[in-house]
Amino acid sequence: MRKLWMIVLLLASVSAGAREVTIASPNGKLVVTVSDEGGQPTYAVSLEGQTALLPSALGFKADFGDLTHDLAITRTSAERIDRTYEMWQVKQSHMHYVAQQVNVEFETTNLKSPTSNLKFSVQFSVSDNDVAFRYLIPRQANDNPKSAVIFSEATAFCLPQGTTTFLTPQSDAMIGWERTKPSYEEEYKADAPMEVRSQYGHGYTFPCLFRLTPSPSLSREGSGQTQGQKLSTPLPCREGLGESLWVLISETGVSSAYCGSHLSDYPYTIAYPMHGENNGRGDAYAGIPLPGSTPWRTITVGHTLKPIVETTIPYDVVDPLYPLFGTKETAVEANSSKATGRRESGNLFTLPSTLNNRYTWSWLIWQDNSINYDDQVRFIDLAAAMGYESCLVDNWWDQNIGRERIAELSRYAQSKGVSLMLWYNSNGFENDAPQTPRDCMSTAIARDREMAWLQSIGVKGIKVDFFGGDKQETMRLYEDILYDANRYGICCIFHGCTLPRGWEKMYPNYVASEAVLASENVYFSEGAAIREPFDLTMHPFCRNAVGAMDWGGVIMNRYMSRDNRSRHTRKTTDMFEIASAFTNQTAVQCIAMQPNNLDELSSVLLDFLRVIPTTWDETRFIDGYPGRYVVLARRHGSQWYVAGLNAQKEAITLTLDLSDFALTTVLADQADRQGHVTGVSQSPLKLKKGKARLTIQPNGGVVVY
């Protein structure tokens, strides 16, 4: 093993006083180069010799010292990582993570007083298409300090010239509806230049997608840095020539032990929360015990979008923080099918019935007026008629229905084989959102009382809304809600919230987060309805690539109204909406049917809507481009599905190799000679040498199964 590591880890002198560490992925194609040239800690990333990141700054500023300059590499240690684990609620069920993990230790160079030198390590974990790294911070001289405040990071991501971006901005604090932002609900822009200032001037929320393209006026040989070449321009970023690569930057492993971060405006560095978030409550930096560590920053690199869509790095480098519902020793029935226990970290746990389900939701189209007993009965009956597992009762239920009748409603739902999920406001003082129930999730005493009551009436899941911030104080609230809910067998969905950062594995009763400009906006605004195809062909490559996304509804009403005849129309076809249930990834999927849809939709569509799965054993990228179109293959058990969406103004015809999948049937939009969609067609799949020609209509979709 030691001899093997001599091949992948090189510690060499590259110039007088400078040292360099090279870390290669298991297949040798992805390489990270770490340097201390000029006393500045940097790292660079390349894939098969093509630059993904130019030398980019490392380091941080803490209350005990500035560790961004006058640093030298002092030692390294290496370990090969080879682990398998199981998950139930993400894009893949069986994970196998193989990586080269190297700790690179830096020390300040204070020759006058070497005993006062400061130390830290950067831990790199490099797999074939992913780089994850974090800071490991020990206690310093004389075993002190024993705790630290991390004020900021120098961590940079220096992308080559010619890079274009697919990003969504970080909003101002305490703006928007009832001062609930930032809530990760801003619009994405595709193919934008990276030098342009973000909309609010606060940078961009994770994940951040980049396309690196060669400059037509420069050659690769004439523009790159050579090994050991002197870096004359100041950090954090040095321009250079890029290659045709895709790069996705994000973070994972954020818990109550740290704040969430985002990407600054160009030149890109790690940025911490704004002081004004959460009504100014809590610090805008992180406090940690020592020894301690920061969250993992992740970089996924590929020649195509396949590694971006299929990455599992958010889960590969984190561990569960507790077992699911107290660790049981037997398998359970879940989602009307037998599910075996999953083994993780020595614990055998089982899946409750609300994890891995479909739910109905009156509020999306019928809005607040539907939060009454009789209307909720109609949506429970709809769920039962479709074979769905849950019904979500939204805001104001405590006032409009009342707790006693909610218990009665839950009993009625259970008699129909349906479980209730209930909506909650996350707190009572960090924003102005008026919806109730409030003040049930913000303290341990209130949570314990509420969770016990929910368990007593058979509620299996909660949707908690309106967080608005990334401060460590807010991350603690997420964690406390999850942990307390887990003790009572309750699953959690978050809305008006931050990006999940490895939470599906860290918190086993966590299901999904919104953290996106979601389906409710299709109801609120015709502009959002027009944008829906762009949005849902963007998210598989960015937002949904790193975490479960509760988009909030496969919308089957043609008009955005209860009578299905007024207000603005949906701009997508029925097949677009149905295919989005496969291209969007979340283990709890809202099928936003209305009771009237039972009489309006064809038997072909109704039958297919009844059997849509929500959990996946395997996901493969087939084809696509962010914001234009996407085709994915997903496997549930032994059944493969290939689903595609088209956001463009013209129909597209794709020739796809489907030879790896046992598929027989095509469900697609039916169009007349003028290209107008007239309905849905179901036809046998025709293959020629394993390839199929599939046509996807404008704002349309297709599912092959």
Side-chain angles (χ1 to χ4, degrees), residues 87-93 183-185 205-207 250 252 254 260 312 314-315 318 320 324 334-335 351-361 363-364 388-392 394 419-424 426 441 459-467 475 477-479 481-482 485-486 490-521 535-536 539-540 542-554 580-592 612-616 619 632 634 636:
M87 293 191 68
W88 61 269
Q89 78 278 51
V90 297
K91 66 185 79 171
Q92 190 170 314
S93 61
S183 51
Y184 287 60
E185 295 181 7
T205 60
F206 287 132
S250 192
T252 191
V254 180
T312 58
Y315 321 113
V318 301
L324 182 63
N335 196 28
L351 308 184
S353 59
T354 46
L355 303 185
N356 174 21
N357 73 24
R358 291 77 49 87
Y359 68 92
T360 57
W361 183 28
W363 184 88
L364 183 63
Y388 298 161
E389 294 76 21
S390 297
C391 176
L392 171 62
D394 217 279
S419 296
L420 291 189
M421 297 191 293
L422 297 183
W423 183 98
Y424 284 88
S426 70
M441 294 289 148
V459 170
K460 305 292 180 144
I462 57 175
K463 172 182 170 181
V464 189
D465 211 337
F466 304 131
F467 288 86
M475 298 300 165
L477 178 60
Y478 284 115
E479 183 171 281
I481 292 171
L482 285 160
N486 183 69
I490 294 170
C491 311
C492 296
I493 304 170
F494 296 128
H495 270 229
C497 58
T498 193
L499 178 78
R501 295 161 163 91
W503 292 358
E504 295 94 329
K505 189 177 181 187
M506 295 162 63
Y507 309 106
N509 62 316
Y510 166 83
V511 182
S513 291
E514 185 183 32
V516 73
L517 195 63
S519 63
E520 63 196 50
N521 294 280
D535 289 339
L536 291 191
H539 297 321
C542 47
R543 164 64 184 90
N544 213 184
V546 300
M549 181 183 75
D550 189 28
W551 162 257
V554 176
S580 74
F582 296 86
T583 57
N584 290 345
Q585 188 273 307
T586 176
V588 55
Q589 180 85 257
C590 175
I591 309 296
I612 289 176
T614 63
T615 57
W616 307 110
T619 295
L632 302 182
R634 296 197 197 267
H636 177 78

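Just so you know, these numbers come straight off a predicted model, no measurement behind them.
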Original post:
Can you check side-chain hydrogen bond (donor to acceptor under 3.5 Å, both in side chains) on Tyr315 and Glu504, steps first, answer last?
Top reply: CA-CA 8 Å; Tyr315 321 113; Glu504 295 94 329; 3.2 Å; yes
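- Nearest heavy-atom pair across Gly496 and Asp465 is N-OD1, 3.3 Å.
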Subject >> Step-by-step side-chain contact (heavy atoms from CB on, under 4.5 Å) determination, Ile490 to Lys460 >> reply: CA-CA 5 Å; Ile490 294 170; Lys460 305 292 180 144; over 6 Å; no
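- A donor-acceptor pair under 3.5 Å links the side-chain atoms of Ser426 to the main chain of Phe466, judged by distance alone.
- A 4.5 Å side-chain heavy-atom check between Thr615 and Ser93 finds every atom pair outside the cut-off.
- Minimum heavy-atom separation, Ala548 to Pro500: O-CG, 4.0 Å.
- Listed here is the closest heavy atom pair of Ser519 and Gly553: OG-N, 3.6 Å.
- Between the side chains of Asn357 and Ser390, at least one donor-acceptor pair of N or O atoms lies under 3.5 Å.
- Side chains of Leu392 and Thr360 form no contact here, defined as non-hydrogen atoms less than 4.5 Å apart.
- Taking the centre of each ring, Phe467 and Tyr478 come in below the 6.0 Å mark.
- With Arg358 contributing its side chain and Glu389 its backbone, the two residues share no donor-acceptor pair below 3.5 Å.
- With a 4.5 Å cut-off on side-chain heavy atoms, Met87 and Gln92 do not count as touching.
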Subject >> Test salt bridge (Lys or Arg N to Asp or Glu O under 4.0 Å) applied to Asp394 and Lys463, step by step >> reply: CA-CA 8 Å; Asp394 217 279; Lys463 172 182 170 181; 3.7 Å; yes
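- Taking each heavy atom of Leu364 and Gly552 in turn, the nearest pair found is CD2-O, 3.8 Å.
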**OP:** Apply side-chain hydrogen bond (donor to acceptor under 3.5 Å, both in side chains) to Thr252 and Arg501, showing your working.
**Re:** CA-CA 4 Å; Thr252 191; Arg501 295 161 163 91; over 6 Å; no
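- In terms of heavy atoms, Ala581 sits closest to Val554 at CB-CG2, 3.8 Å.
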**OP:** For side-chain contact (heavy atoms from CB on, under 4.5 Å), just list the numbers for Met421 and Tyr359, CA-CA rounded to whole Å, side-chain angles, deciding distance to a tenth of an Å, and then say yes or no.
**Re:** CA-CA 9 Å; Met421 297 191 293; Tyr359 68 92; 3.5 Å; yes
Subject >> Worked check of side-chain contact (heavy atoms from CB on, under 4.5 Å) between Cys491 and Val588 >> reply: CA-CA 10 Å; Cys491 311; Val588 55; over 6 Å; no
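- Residues Thr614 and Thr586 are not in side-chain contact: their nearest non-hydrogen atoms beyond the backbone lie 4.5 Å or more apart.
- Note that SG of Cys492 is 10.5 Å distant from CH2 of Trp503, once rounded to the nearest 0.5 Å.
- A donor-acceptor distance shorter than 3.5 angstrom exists from the side chain of Arg543 to the backbone of Ala515, with no hydrogens or angles considered.
- Side-chain N/O atoms of Glu479 and Tyr507 include a donor and acceptor closer than 3.5 Å.
- Taking every heavy atom of both residues into account, Ile462 and Met441 meet most closely at CD1-CE, 4.0 Å.
- The aromatic rings of Phe582 and Trp616 sit tilted, their planes meeting at an angle between 30° and 60°.
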**OP:** Start with the C-alpha gap between Glu514 and Met549, add the side-chain angles, then the distance that decides, and say whether side-chain contact (heavy atoms from CB on, under 4.5 Å) holds.
**Re:** CA-CA 5 Å; Glu514 185 183 32; Met549 181 183 75; over 6 Å; no
**OP:** For His495 and Asp550, run side-chain hydrogen bond (donor to acceptor under 3.5 Å, both in side chains): C-alpha distance rounded to whole Å, both residues' side-chain angles, the deciding distance at 0.1 Å, then the answer.
**Re:** CA-CA 8 Å; His495 270 229; Asp550 189 28; 2.7 Å; yes
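- Contact check for Asn509 versus Leu482: side-chain heavy atoms found under the 4.5 Å cut-off.
- A distance of 13.5 Å separates CG in Asn486 from CD1 in Ile481, rounded to the nearest 0.5 Å.
- Residues His539 and Gln585 are not in side-chain contact: their nearest non-hydrogen atoms beyond the backbone lie 4.5 Å or more apart.
- Between Trp363 and Trp361, the angle of the ring planes stays under 30°, which puts this pair in the parallel group of the 30/60° scheme.
- Under the 4.5 Å side-chain criterion, counting only non-hydrogen atoms from C-beta, Leu499 is in contact with Val546.
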